[in-house]
Amino acid sequence: MKNSDQSLPGLYIHVPFCKSKCPYCDFYSITSLSLIPAWLSGIKKEVLIYKDRFGYFDSLYLGGGTPTIISEPDLIHLVDYLFTHFYFSPDSEISIEANPDDITQEKLKLLRNLGINRISLGAQSFNDYDLLYLSRRHTVLQTRRVIEMIRSAGFTNLGIDLMYGLNGQTETDWCKTLESAVDYKPEHISCYQLTIKKGTPFKQKKFKPLNESKERSLFMSTSALLEQAGYLHYEVSNFAREEKYICRHNAKYWNHTPYLGLGPSAHSFSPNQRWWNVKSLNKYCELLQKNRPPRAGTESLTEEQLQLEYLCLGLRTSAGIDRRFLNNLSALKELTDAKLVSIKGGRVVPTREGFLFADSIPLLLSE
Amino acid sequence: MEPINDQTIIRNFSIIAHIDHGKSTLADRLLELTGAVSAREMTPQYLDKMDLERERGITIKAQTVSLAYQALDGKTYRLNLIDTPGHMDFSYEVSRSLAACEGALLVVDATQGIEAQTLANLDLALENKLKIIPVINKIDLPQADPQRVKEEIELLLGVDSAEIMEVSAKSGTNVHIVLEAIVKRIPAPSGKKDNPLSALIFDSWYDTYQGVIVLIRVFEGKIFPGMRIKLFASNNEYEVNRVGIFSPAAKDTEGLSTGEVGFIIAGIKNLRDIQVGDTITDACQPTIKPFPGFQELKPMVFCGVYPSFPEQYNPLREALEKLRLNDSSFTFEPENSVALGFGFHCGFLGLLHKEIIQERLEREFNLDLVSTAPNVVYTVTTLKGDIVKIESPDQLPPPQEIAHIAEPYILASIPTPVKYLGEILKLCEEKRGMQRDLKYLSPEKVVLKYEIPLNEVVWDFNDRLKSLSRGYASFDYEFLDFRNSSMVKLDLLLNGSKIDALSLLVPKEKAYYIGKGLVEKIRKIIPRHLFEVVIQAAIGSKVIARDSIPPLRKNVTAKCYGGDITRKRKLLEKQKEGKKRMKQVGKISIPQEAFLSILKVS
């Protein structure tokens with residue numbers, strides 16, 4: 001991964017609309033599609049707030065929600081507007097999140113024409129029972145068709161997002177899903193263990209948490225299977241077929257590279273500052289109407305806080321952290337003895353098992 | 001101001017009551033009615049100077065205030081209200097305040113009736129031969145049942161119900177009648193002002209600007225600025241600089257005469273040069289008969305007090321020294337624990353005393369403290385015949401040298417509604433108690449007296465008593481004596497290493513049960529580590545209970561993008577803070593809570 005000082009910032013656009021809400025998702029999204037125009041004019045106003053502070057990006061990520069829900073003219077308008085007001089380096093990574101149920105040939109063509117060069121597909125599983133359990137609107141067959149469509153539309157950078165640790169899913173089932181994904185040789189695979197978030201329908205019922213041994217075993221098998229298939233396990237939940245397919249935009253979150261997030265609930269980071277927008281489209285539009293930044297909060301990070309973040313973010317990635325950064329050598333020794341981290345080329349990097357303790361290790365290494 | 005020539009207009013009295021029965025509110029009203037403090041200046045519980053006293057609603061240091069009251073007979077009386085602490089941990093301070101009075105208002109809550117401290121304080125007042133004026137307070141409350149409380153008091157004191165006053169200190173109802181009763185029923189002080197000076201020291205404190213301030217009651221003769229005085233106990237002589245009264249602000253007078261109560265300042269530098277209960281007399285013309293003095297109370301409850309952060313060791317020592325200036329009843333000595341580092345072994349009169357000192361250390365001195373479970377003082381007789389006082393389990397000589405161990409016993413008095421009697425009897429039996437008395441105050445209320453080892457009480461006795469009686473039973477105690485019992489030292493081991501701060505002396509027959517409970521409790525408090533943590537309770541080398549905390553198998557958040565970073569860092573910051581407050585023993589992090597958990601094994 002690149003160092004923060006060499007990288008350009010990334011731009012994130014939050015598209016808070018979905019046809020229906022998935023019961024495990026806690027990202028901000030609403031189903032009143034009639035509000036899309038209001039949102040779009042909000043984004044345009046917000047762009048103007050930051051266009052002088054953030055001039056040059058090398059990644060754009062359209063996330064959500066469901067960005068592909070936006071109508072053709074609106075999408076064209078949005079992307080044109082962004083490209084008019086911000087500069088993007090010629091080799092920029094331009095990603096969009098897509099769901100198998102709202103991808104069409106025409107839409108893919110449009111995305112290509114807009115300059116989008118990476119698709120992150122919310123496939124979730126290659127098992128129809130799992131899709132039913134997750135209340136997804138698509139079937140495995142649809143996913144398979146859409147992947148072929150994406151390829152034939154000329155996209156050479158495809159990410160497939162999967163979820164595991166579902167109730168009723170055996171380890172064998174999960175490995176089959178993984179193998180199905182690998183068969184398509186996607187450039188990127190994200191494997192998220194299902195986490196129950198506050199305020200989601202899954203929290204209220206339905207989901208029975210797995211025991212730790214089961215979770216552990218699923219994680220270890222995932223990593224082993226994908227590495228066997230030639231993928232790099234470069235972040236706790238992320239795998240890339242080659243180093244160049246590491247998601248450039250997401251990597252910025254973990255490398256302390258600046259990023260600007262636009263849209264309700266979007267988060268931003270610009271050296272030593274974090275801010276986040278209000279989690280309500282109404283509020284968002286209202287504030288912009290009054291020419292005020294639609295923020296819900298900001299924080300300035302102290303050197304100590306930056307270091308703590310460096311520790312906890314770095315240890316989630318295979319790049320690890322600079323060894324010179326650590327003073328607690330007895331803790332480091334304990335962790336290397338326990339084979340949770342290793343020291344490679346002056347860096348402390350987590351082992352596969354170390355990824356499993358990414359929330360414990362920073363605390364142990366801090367003083 | 002001149003000293004009072006006419007003794008017949010002086011009344012010296014205290015107010016005694018169970019905690020929360022309204023003693024301080026009644027004092028507030030008396031101050032207000034006599035014009036000592038205007039309603040505008042009045043803050044609730046005016047006499048409770050320390051924040052802590054006001055917040056907890058209890059009086060820790062005795063205070064005194066002189067009131068001018070014009071009675072119905074047209075004469076203006078000088079009423080000296082000598083405040084007393086309400087809790088028996090401070091019975092020493094109560095008894096010395098009472099020794100300065102001729103009478104006492106016995107305040108009883110109309111909704112609660114007689115409680116443990118009502119009885120204990122009443123006993124002290126009767127020992128001092130005080131005239132008791134019973135006052136039922138809080139009659140304005142809807143749940144008030146003054147008739148029932150009257151019956152309890154009649155039975156207890158053998159007084160006529162007409163003598164019992166019903167007031168509401170809060171609203172002021174009938175409080176003026178109390179003032180008349182003080183004048184009419186409490187005798188004026190006796191003693192001759194022409195005799196040589198004889199004054200009782202009943203309190204003293206250290207003031208940064210004035211030095212030691214001494215509260216006295218003049219029994220014979222007079223005292224005035226410029227006089228040379230002698231203290232009987234130390235035989236030291238001083239010259240009196242200032243004499244005065246509190247009304248309630250300090251006010252200098254030309255002197256204090258027989259029967260009066262007030263303060264003197266006499267260039268005494270160190271609080272230790274003064275002994276409460278001592279007699280002050282005229283250096284040139286000493287009295288022949290000093291007061292018997294008070295017996296000095298020794299600390300009965302001990303615990304280790306450690307700074308959470310090592311750099312607070314010196315500030316802690318300075319704070320302890322400062323507190324000791326005004327409280328000679330607690331002790332401290334440096335000690336060193338493998339688990340907790342450098343700290344102090346402190347001795348207290350009782351549990352409340354311990355809590356108050358600890359709270360003052362944390363609040364007034366901004367210290368972050370860990371304190372170990374309290375234990376009591378034991379006397380060990382060795383085979384050689386030596387008697388050793390043991391203030392903490394690690395001072396225990398090797399078992400082969402011990403002839404026997406004696407532990408302190410207390411006499412607990414527990415007034416309770418009859419319906420909780422069965423449960424309370426069970427609790428007292430479980431706590432190795434022996435019943436000494438059971439007396440009905442009324443058909444619904446009973447007073448239980450039990451002899452119980454103090455050791456059983458410092459654990460969780462009060463909490464359990466309160467919970468099984470829904471707060472209706474109360475508890476107070478006095479020290480009895482030391483009795484032989486079969487105690488063993490129970491050690492706690494984590495992955496094989498002994499945690500000294502968690503050792504306990506326990507009765508042999510309960511060791512297994514306590515060991516098991518302790519292991520269970522610790523298991524819940526210590527967080528999971530990356531390795532297994534084995535917890536054992538052992539007597540000597542014999543393990544009597546064991547459990548383990550399984551290692552963490554996984555601890556990772558699946559997603560970590562934009563918004564989750566702030567949340568994650570905040571969580572980590574919180575955990576880091578928490579880690580700082582944990583004690584590291586080897587590789588194991590032990591939360592501070594663990595060092596107190598022993599209290600709640602049940």
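First the proteins, then the strands, lettered A, B, ... as listed; each starts at 1.
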Name the region of A:Phe269, side chain, backbone, both or neither, that has any atom closer than 4.5 Å to a heavy atom of chain B.
neither
Under 4.5 Å to a heavy atom of chain B? For A:Leu335 that would be side chain
Residue A:Leu313 versus chain B: region with a heavy atom under 4.5 Å
side chain
Given side-chain contact (heavy atoms from CB on, under 4.5 Å), test B:Val556 with A:Phe355 step by step and report yes or no.
CA-CA 7 Å; B:Val556 58; A:Phe355 275 140; 5.9 Å; no
Name the region of A:Leu340, side chain, backbone, both or neither, that has any atom closer than 4.5 Å to a heavy atom of chain B.
side chain
Which portion of B:Leu571 sits near chain A, non-hydrogen atoms under 4.5 angstrom:
neither
What residues form a side-chain contact (heavy atoms from CB on, under 4.5 Å) with B:Pro393, not counting sequence neighbours?
B:Asn375, B:Lys489, B:Ser503, B:Leu505
With a 4.5 Å heavy-atom cut-off, do B:Leu572 and A:Pro362 have their side chains touching?
yes
The interface call for A:Leu301 against chain B, heavy-atom contacts under 4.5 Å, is side chain
Between chain B and chain A, donor-acceptor distances below 3.5 angstrom:
unit_1, atom_1, unit_2, atom_2, d
B:Arg528, NH1, A:Glu212, OE2, 2.8
B:Arg528, NH2, A:Glu212, OE1, 2.6
B:Arg528, NH2, A:Glu212, OE2, 3.4
B:Arg553, N, A:Glu212, OE1, 3.0
B:Arg553, O, A:Arg216, NH1, 2.9
B:Lys554, NZ, A:Glu215, OE1, 3.1
B:Asn555, N, A:Leu356, O, 2.6
B:Asn555, O, A:Ala358, N, 3.4
B:Asn555, O, A:Asp359, N, 2.9
B:Asn555, ND2, A:Ser360, OG, 2.8
B:Thr557, N, A:Asp359, OD2, 3.0
B:Thr557, O, A:Arg316, NH1, 2.9
B:Thr557, O, A:Arg316, NH2, 2.9
B:Thr557, OG1, A:Asp359, OD1, 3.4
B:Thr557, OG1, A:Asp359, OD2, 2.6
B:Ala558, O, A:Ser237, OG, 2.8
B:Ala558, O, A:Arg316, NH2, 3.3
B:Cys560, O, A:Trp254, NE1, 2.7
B:Tyr561, OH, A:Tyr192, OH, 2.4
B:Tyr561, OH, A:Asn238, ND2, 3.4
B:Thr566, OG1, A:Glu299, OE2, 3.1
B:Lys568, NZ, A:Asp359, OD1, 2.6
B:Arg569, NH1, A:Glu299, OE2, 3.0
B:Arg569, NH1, A:Glu309, OE2, 2.7
B:Arg569, NH2, A:Glu299, OE1, 2.8
B:Arg569, NH2, A:Glu299, OE2, 3.2
B:Glu573, OE2, A:Gln305, NE2, 2.9
B:Lys579, NZ, A:Leu363, O, 2.9
B:Lys579, NZ, A:Ser366, O, 3.1

Is it the case that more than 12 heavy atoms not belonging to B:Lys510 sit under 6.0 Å from its NZ atom?
yes
